[in-house]
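Beneath this line is the structure, given in structure tokens, with notes to follow.
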There are 2 protein chains.
Amino acid sequence: MQVVSLSGGNGGKEAQVLIEKVFMPYLQEFLAARGEDAGVFEARGALALSTDSFVIDPLIFEGGDIGKLCVCGSANDVAMGGAHPKYLSVGFILEEGLEVELLQQILSSMQEQLRLGGLKLLSLDTKVVPKGCADKIFINTTAVGSVLYPNLSAKNLREGQVIIVSGAIGTHGALLFSKRAEIQLDTPLASDCQQLFPLLEPVFKSGCKIHALRDATRGGLASVLHEWAQSSKVGIEVDEDKIPILEGVRGVCEILGLEPYVLANEGVCVLSVEACDASKICALLQEGGAKEACIIGRVISQKGVFLKTPWGSKRPLDILEGELLPRIC
Amino acid sequence: MQVVSLSGGNGGKEAQVLIEKVFMPYLQEFLAARGEDAGVFEARGALALSTDSFVIDPLIFEGGDIGKLCVCGSANDVAMGGAHPKYLSVGFILEEGLEVELLQQILSSMQEQLRLGGLKLLSLDTKVVPKGCADKIFINTTAVGSVLYPNLSAKNLREGQVIIVSGAIGTHGALLFSKRAEIQLDTPLASDCQQLFPLLEPVFKSGCKIHALRDATRGGLASVLHEWAQSSKVGIEVDEDKIPILEGVRGVCEILGLEPYVLANEGVCVLSVEACDASKICALLQEGGAKEACIIGRVISQKGVFLKTPWGSKRPLDILEGELLPRIC
């Protein structure tokens, strides 16, 4: 089998062959249930669930591909609910004619991430649509996790809390921009795409007080800060010179006239924490491998989101308007 | 807003407007969590989870649309695990330029089915892809339910068990075929698309013994029977004159030279049950509104799936091969 044929989605013999020959070598080890419509698992207590569809273009990029992204993305959304991601369901929409080799590369990345996260697959669905009705492959993942750290909410911000980012911002977005615009970079970029739970688990268990937690995906850091400020009816002020941004990202932003604050991330989270715990949380994140984790700002009473320059002046940090870049994830 | 624009998927202001103005009027009442990445719910005991992507063409058909289908489809897959469907996540992939009015009609159908099933929404995701990268709208739904009737399995069939169908078969598939082939029907067909849990709940609670349960979607009745026969290493024999098939479905099959056994259903399930409970189960299904529920066959030792004619002759009932009809669900 070289390419995916339309009959691979018919629920009959060809669909069975596609599943057995192409999908199972990569995914079988994670499947909780075989041959049933629904996967069954035992649960007790609070669970977090999150769904996401991935329609990224290009499918493969430095530091990842749609397979890595779709596992990390949903696992991260569940981790942002203070939960340990444990189960995943995956729905594939394949375009007729998709190269099986490309599909295998994507499945291999999924396999690696599922192993890394210790995740089980509860349910798997594949659909094939005629050529021209989809762009190669779309993947939906839904993750389920058990809540370790409850009551995180966008509504929890109060004046005096401290804002932390877990790493350099805008890298995934800048990389995709540079690829689409065919910009040659002096310093090569790689997507920040990664699973965040392993990084956050020690923080959840540390006794430190986190009030809000969010990964800064579409819309970037600016989008998270605006959502929080609005939901909690407070203001947020961040220091321009504290926000970690890679040189390569700055370069792409200059060429394209963009701000890094609105660029997507796929493995960077933002935390609003109790001021007295902020340094300890940064240290824990750094110990976990997030070398650039740092305090970037604070919650204030004046409503809005503001960027403070090193010279003390303050300007509004704008949220994204118009179409920046479709199909970033 | 007349059509969905690409910036509706950017994670910024336009995405917020699309969600607030178009999605929320229909879905807000079901959302367990607002403004967070993950929805949180309390669980105890065994849960069943199932995912499905819906890529049906046409989007609207007699008896339903993609909105009704995507709620019923995943809720039914969970019900097939012996579970009471309780929660849903929904991921939309929208094509740039999709008419908002069409989207609203789809959301309105979802609303009706979510109400009917008493379902809550845990997570909602929307992506917009450029014109030509998807065909109007694809929807993924993942359903979660609590298991009432455990241990249903395709591996449970044993000689002597009795096979039941809950209603007339092949209607959804025949309807879609007739629409695609532009066949004028004397007796108008409507899809059988419906939620099956309300029908099955009394059976689950009756004390009757069900061994296997499956909804006969893609691949139809034939696909379910073959999967069961293979998984349990047994044979199944069904009586041609017992299988309920609507006149209109027979008509479409004659015109197109098809067998109704391979046609998709979206609200018909197949049960393999203990022989002594079969009549009672049929009666319970009929009381629940499935007037055509009946015994159609039995599990035998001779391997394979067979169709017995009223004259006593027997022929293999074939599984679907090749592409019958893409995008049936």
Side-chain angles (χ1 to χ4, degrees), chain A residues 6-7 9-13 35-53 55 77-78 80-81 83 87 89-91 93 122-123 125 127-130 133-135 138 140 142 144 147 153-154 214-215 217-219 223 227 231 319-324 326-327, chain B residues 6-7 9-13 35-53 55 77-78 80-81 83 87 89-91 93 122-123 125 127-130 133-135 138 140 142 144 147 153-154 214-215 217-219 223 227 231 319-324 326-327:
Chain A
L6 202 47
S7 54
N10 67 359
K13 210 172 261 183
E36 307 298 332
D37 280 337
V40 174
F41 63 108
E42 287 291 326
R44 183 181 290 266
L47 297 180
L49 181 148
S50 187
T51 199
D52 214 342
S53 297
V55 297
D77 281 342
V78 157
M80 296 307 112
Y87 301 101
S89 69
V90 190
I93 297 174
L122 287 172
S123 181
D125 177 61
K127 291 288 179 348
V128 183
V129 296
C133 290
D135 190 10
F138 299 146
N140 175 284
T142 303
V144 179
V147 177
S153 167
R214 189 67 62 89
D215 56 342
T217 52
R218 286 185 290 178
S223 185
E227 223 179 300
S231 297
I319 192 174
L320 194 61
E321 276 189 68
E323 180 41 50
L324 187 56
R327 307 183 62 191
Chain B
L6 202 48
S7 54
N10 66 359
K13 212 174 261 182
E36 307 298 332
D37 280 338
V40 174
F41 63 108
E42 286 293 327
R44 180 181 291 268
L47 297 180
L49 181 147
S50 187
T51 200
D52 213 342
S53 297
V55 298
D77 281 342
V78 157
M80 296 308 111
Y87 300 101
S89 69
V90 190
I93 298 175
L122 286 171
S123 182
D125 178 59
K127 291 289 182 338
V128 183
V129 297
C133 290
D135 190 11
F138 299 146
N140 175 285
T142 302
V144 179
V147 177
S153 168
R214 191 66 62 88
D215 56 341
T217 53
R218 285 186 291 178
S223 186
E227 223 180 301
S231 297
I319 192 173
L320 195 61
E321 275 190 67
E323 178 42 48
L324 187 58
R327 306 183 65 191

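B/Asp125 places a side-chain N or O within 3.5 Å of a backbone atom of A/Ser53 that can act as its donor or acceptor partner. Remark: the backbone N or O of B/Thr51 is paired with a side-chain donor or acceptor of A/Ser123 at under 3.5 angstrom.
Contact check for B/Val40 versus A/Val147: side-chain heavy atoms found under the 4.5 Å cut-off. In this structure, the side chains of B/Arg327 and A/Val128 stay at 4.5 Å or more apart for every pair of heavy atoms. With a 4.5 Å cut-off on side-chain heavy atoms, A/Arg44 and B/Glu42 do not count as touching.
Using a 4.5 Å cut-off between heavy atoms, A/Phe41 contacts chain B through both its backbone and its side chain. Only the side chain of A/Val144 comes within less than 4.5 Å of a heavy atom in chain B; its backbone stays farther off. Heavy atoms of B/Ile93 lying under 4.5 Å from chain A belong exclusively to its side chain. Heavy-atom distances place both the backbone and the side chain of A/Leu49 under 4.5 Å from chain B.
Listed options B/Ala83, B/Ser153, B/Gly81 were ranked by heavy-atom pairs under 4.5 angstrom with chain A; first place goes to B/Ser153. Ranked by heavy-atom pairs shorter than 4.5 Å toward chain A, the options B/Gly45, B/Pro130, B/Gly91 are led by B/Gly45. Chosen from B/Val78, B/Val129, B/Asp215, the residue pairing most often with chain A at heavy-atom distances under 4.5 Å is B/Val129. Between chain A and the residues B/Thr217, B/Asp135, B/Asn140, the most heavy-atom pairs under 4.5 angstrom are made by B/Asn140.
Considering every non-hydrogen atom in both B/Phe138 and A/Cys133, the closest pair reads CZ-O, 3.1 Å.
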